[in-house]
Chemist: 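Provided herewith is a single structure, encoded as structure tokens, for subsequent inquiry.
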2 protein chains.
Amino acid sequence: MKNAIIYSIGNELVEGLIVDTNSKFLSVHLKSLGYNVIRIETLPDVLDIIVRRISEGLSEADLLITTGGLGPTEDDLTREAISKVLNKSLVLNEEIANELIERALKYYNKAPESVKKQALVLEGAIVLDNPVGTAPGQLIKHNGKTIVILPGPPVEMIPVFESIKGELKTDDELYTRRIKTIGVPEAVLMDEHKDLLYSNPQITIATMASYERGVEVRLTGSVVLKEEIDGIVEQLTNLLGESVYALDDDSIEDVVYKLLKENNLTISFAESCTGGLLSARFVDIPGVSSVYKGGVVAYSNESKANILRVPKDIIEKHGAVSEECVSYMAKNAREIFDSEFSVSISGIAGPTGGTPQKPVGTVCFAFASKKGVKAFTYNLRGDREMIRKRSALIGFDIARRGIREWLRLEGNIKG
Amino acid sequence: MKNAIIYSIGNELVEGLIVDTNSKFLSVHLKSLGYNVIRIETLPDVLDIIVRRISEGLSEADLLITTGGLGPTEDDLTREAISKVLNKSLVLNEEIANELIERALKYYNKAPESVKKQALVLEGAIVLDNPVGTAPGQLIKHNGKTIVILPGPPVEMIPVFESIKGELKTDDELYTRRIKTIGVPEAVLMDEHKDLLYSNPQITIATMASYERGVEVRLTGSVVLKEEIDGIVEQLTNLLGESVYALDDDSIEDVVYKLLKENNLTISFAESCTGGLLSARFVDIPGVSSVYKGGVVAYSNESKANILRVPKDIIEKHGAVSEECVSYMAKNAREIFDSEFSVSISGIAGPTGGTPQKPVGTVCFAFASKKGVKAFTYNLRGDREMIRKRSALIGFDIARRGIREWLRLEGNIKG
């Protein structure tokens, strides 16, 4: 297997002003292309440090990828460092220089001399077009090693990397599938299906449990095992049934959106403890306005009574965190917003507000359709943030299950 | 100045399954303690790689900090690696072992033998109590160098690091202040106040502009310059006036929350394009229920009409994205939620929905109090996510300015 090292370059990284998300992105892709990432190094904008680290890396890895340090200022030293390491000169690419000057003139009345720095290309390097920003990437081969130089901003780095991904493929290319589940604890899921999951030792199984996405099972193996991996995914999906909410890239809100969109249906939300989280996550999907009528954040008892018309005696008798209260919230939100469905949430996210009967983490949910309302109570663990995030996940899951059941009853099998 | 290297250890990091946020946290603190972070290395769970990298680091840095690799499984190799590098044996700490066994017995009927691994301490190391998780941290001095071993999960790493921060201080300890602003472009702000900001070359000035937090000016210098830095912060704060929304750690929603809380006032929101973002950010603050009555996400025109009672002819004549529409939204949300104030937002976040008159990025805001309603229109740049995040920031800023003006008019100077 080929080895790779990733270098993230910039003072803003070693000073902790920003989080390095480029390396996470590159690691995932390098693994699937068949590389073994032996380390990631984050370096300051100091020429001799960059030169020393890349020289050392060149003796250990087959592929070196750098991100950052390609800007027009004095601080940007990646090109210079690699020029020193490989002992190759930097040549001004007139075409790129003219393009950069032309672009700069659109914004100022003169182009600063420094823009030309971004048009310097290593002798023998392939220029990688940067469709979003100014500095192009570069790819250079040297004594059987490959060095890829990428811009730092993720919006620029990602398209440049995608454009050369094909060239970086190895014979160890991997194939990965993901099964996303909710409702079955990680340990139980793995234990019940261990014979199927571990049937081929050449297929690696990894699980990830998160408050925002539930339990994800990841199967990875050589591309030659594609059919076998797909087969296991299909079998496991059938065995787990409704617990599988999506495969591969879809999120749970994507699934809810698609179920609604494909069947011309609409939804609304009535949130208390999640405070708009369900709504904010849903509205992240472009085009959601065709299925989403809106929501109410009923954070006070008065707003539950006044806007969502929950009868005051219901709140007095059962409390705002009760199946009775969320049932009214969902039923009335559905009417107020004139949507086909509605999901409501009310719970105690903490740190205060818990009682012996209803401790912190008690969260009630309801799903309303024209066929009626169903309510559920969960006891969630964790701090305020975890409880709220997990509640949003469960809220979407209740929508997904409710809509699918409704579609089955309606004889519509699209869901 | 002393040099430091940070090591983040774990396959989940080099495989890109999680983002390394520990290093960002540690970088910021090491800088302020007076260290020069010469690099950050992310390493896989491979013993000889860890041994080699830490041995090399020991010859270059005064302080080495590791995070991760302290769990009970075979994969967790940080302790073993450092034991090899320093040639110091690992000794079972009976007290910690007993504690771990006792804790494990609370959850299972027997304690796995592997928990004892977490009680192994390097000969001569100081044990750093881990109040949240199981594996304690360790601090060891060796030939004038300091090695700090921290657990990987951020919730465990942070308190363990905080507990020894004092011991890591150097003579180059730094003092940092932050001025957070909104409404003045970064370039203009820096240009107009350059004489004040750059009056002492020993004080470093950095700016950060973000869609979620506006423009932040950061002043850093030796602790001996504390008074001078505080003086510049005070002068700049006075010169910038209302544009400064907070100093140091406070976020804009914290400022809005404090203004309301200190004066016993309440607020509600009526959101369209931000889809609950304003509400979700506000509800992140524990205790916010005392000032936040709730909100409506009026994502469709019907919901603007039905729930927020925006007259249909207003929407027909001026559109849902208009100062007329947001004025009704804020005024009526204030009444419906019975809050002292209300903020409304309606805009075109894209990617579709723009027109020549109202292009993508047109966002209208209104602030309502018993004294009336004020509306504003902004033309924001960026993609859907940027426009929504920036709109939430402006929404909070409109609340902040509105509440402060209201307090001034009421003769209440607490704000």
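The model shown is predicted, which means the values in this text are computed figures rather than measured ones. Chain letters run A, B, ... following the sequence lines, proteins first, then strands; residues in each count from 1.
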Chemist: What part of A/Glu56 is in contact with chain B, defined as an atom under 4.5 angstrom from a non-hydrogen atom: side chain, backbone, both or neither?
Modeler: side chain
Chemist: Treating A/Asn36 as the side-chain partner and A/Met1 as the backbone partner, does any N or O pair qualify as donor plus acceptor under 3.5 Å?
Modeler: no
Chemist: Contact part of A/Ile38 toward chain B, heavy-atom cut-off under 4.5 Å: side chain, backbone, both or neither?
Modeler: both
Chemist: Which class fits the ring pair A/Tyr292 and B/Tyr299: parallel under 30°, tilted 30 to 60°, perpendicular over 60°?
Modeler: tilted
Chemist: What part of B/Asp284 is in contact with chain A, defined as an atom under 4.5 angstrom from a non-hydrogen atom: side chain, backbone, both or neither?
Modeler: both
Chemist: Examine whether an atom of B/Ile6 lies under 4.5 Å from a heavy atom of chain A, and if so say whether it belongs to the side chain, the backbone or both; otherwise answer neither.
Modeler: neither
Chemist: Just to be sure I understand the criterion: a residue of residues 275-282 of chain A counts if one of its heavy atoms is under 4.5 Å from a heavy atom of chain B. Which ones qualify?
Modeler: A/Gly275, A/Gly276, A/Leu277, A/Ser279, A/Ala280
Chemist: Counting heavy-atom pairs under 4.5 Å to chain B, which of A/Lys304, A/Arg388, A/Glu41 comes out on top?
Modeler: A/Arg388
Chemist: What part of B/Glu302 lies closer than 4.5 angstrom to a heavy atom of chain A: side chain, backbone, both or neither?
Modeler: side chain
Chemist: Name the member of A/Ile336, A/Asn306, A/Thr21 that forms the most heavy-atom pairs with chain B at distances under 4.5 Å.
Modeler: A/Ile336
Chemist: For the residue pair A/Ser342 and A/Ser268, confirm or rule out a side-chain donor-acceptor distance under 3.5 Å.
Modeler: yes
Chemist: Between A/Pro286 and chain B, which part of the residue has a heavy atom less than 4.5 Å away: side chain, backbone, both or neither?
Modeler: both
Chemist: Among B/Val28, B/Asp338, B/Val14, B/Ile18, which residue forms the greatest number of heavy-atom pairs with chain A at distances under 4.5 Å?
Modeler: B/Val14
Chemist: In Å and rounded to the nearest 0.5 Å, what is the CD1 to CZ distance from A/Ile158 to A/Phe25?
Modeler: 4.5 Å
Chemist: Working to the nearest 0.5 angstrom, can you tell me the gap between A/Lys180 NZ and A/Arg218 CZ?
Modeler: 8.5 Å
Chemist: Does atom CZ of A/Arg213 have more than 12 heavy-atom neighbours, drawn from other residues, nucleotides or ligands, at distances under 6.0 Å?
Modeler: no
Chemist: Look up atom CD1 in B/Ile40 and atom CD1 in B/Ile65, then write down how far apart they are to the nearest 0.5 Å.
Modeler: 11.0 Å
Chemist: Please confirm whether the backbone N or O of A/Glu340 pairs with a side-chain atom of A/Arg334, one donor and one acceptor, at under 3.5 Å?
Modeler: yes
Chemist: Go through the side-chain N and O atoms of A/Ser303 and A/Ser300 and say whether any donor and acceptor fall under 3.5 Å apart.
Modeler: yes
Chemist: Can you say whether A/Lys31 sits under 4.5 Å from chain B via the side chain, the backbone, both, or neither, judging by heavy atoms?
Modeler: side chain
Chemist: Would you say the side-chain atoms of A/Thr42 and A/Ser8 include a donor-acceptor pair closer than 3.5 Å?
Modeler: no
Chemist: Answer yes or no: is there a donor N or O on one side and an acceptor on the other, between the side chain of B/Arg39 and the main chain of B/Ile5, under 3.5 Å?
Modeler: no
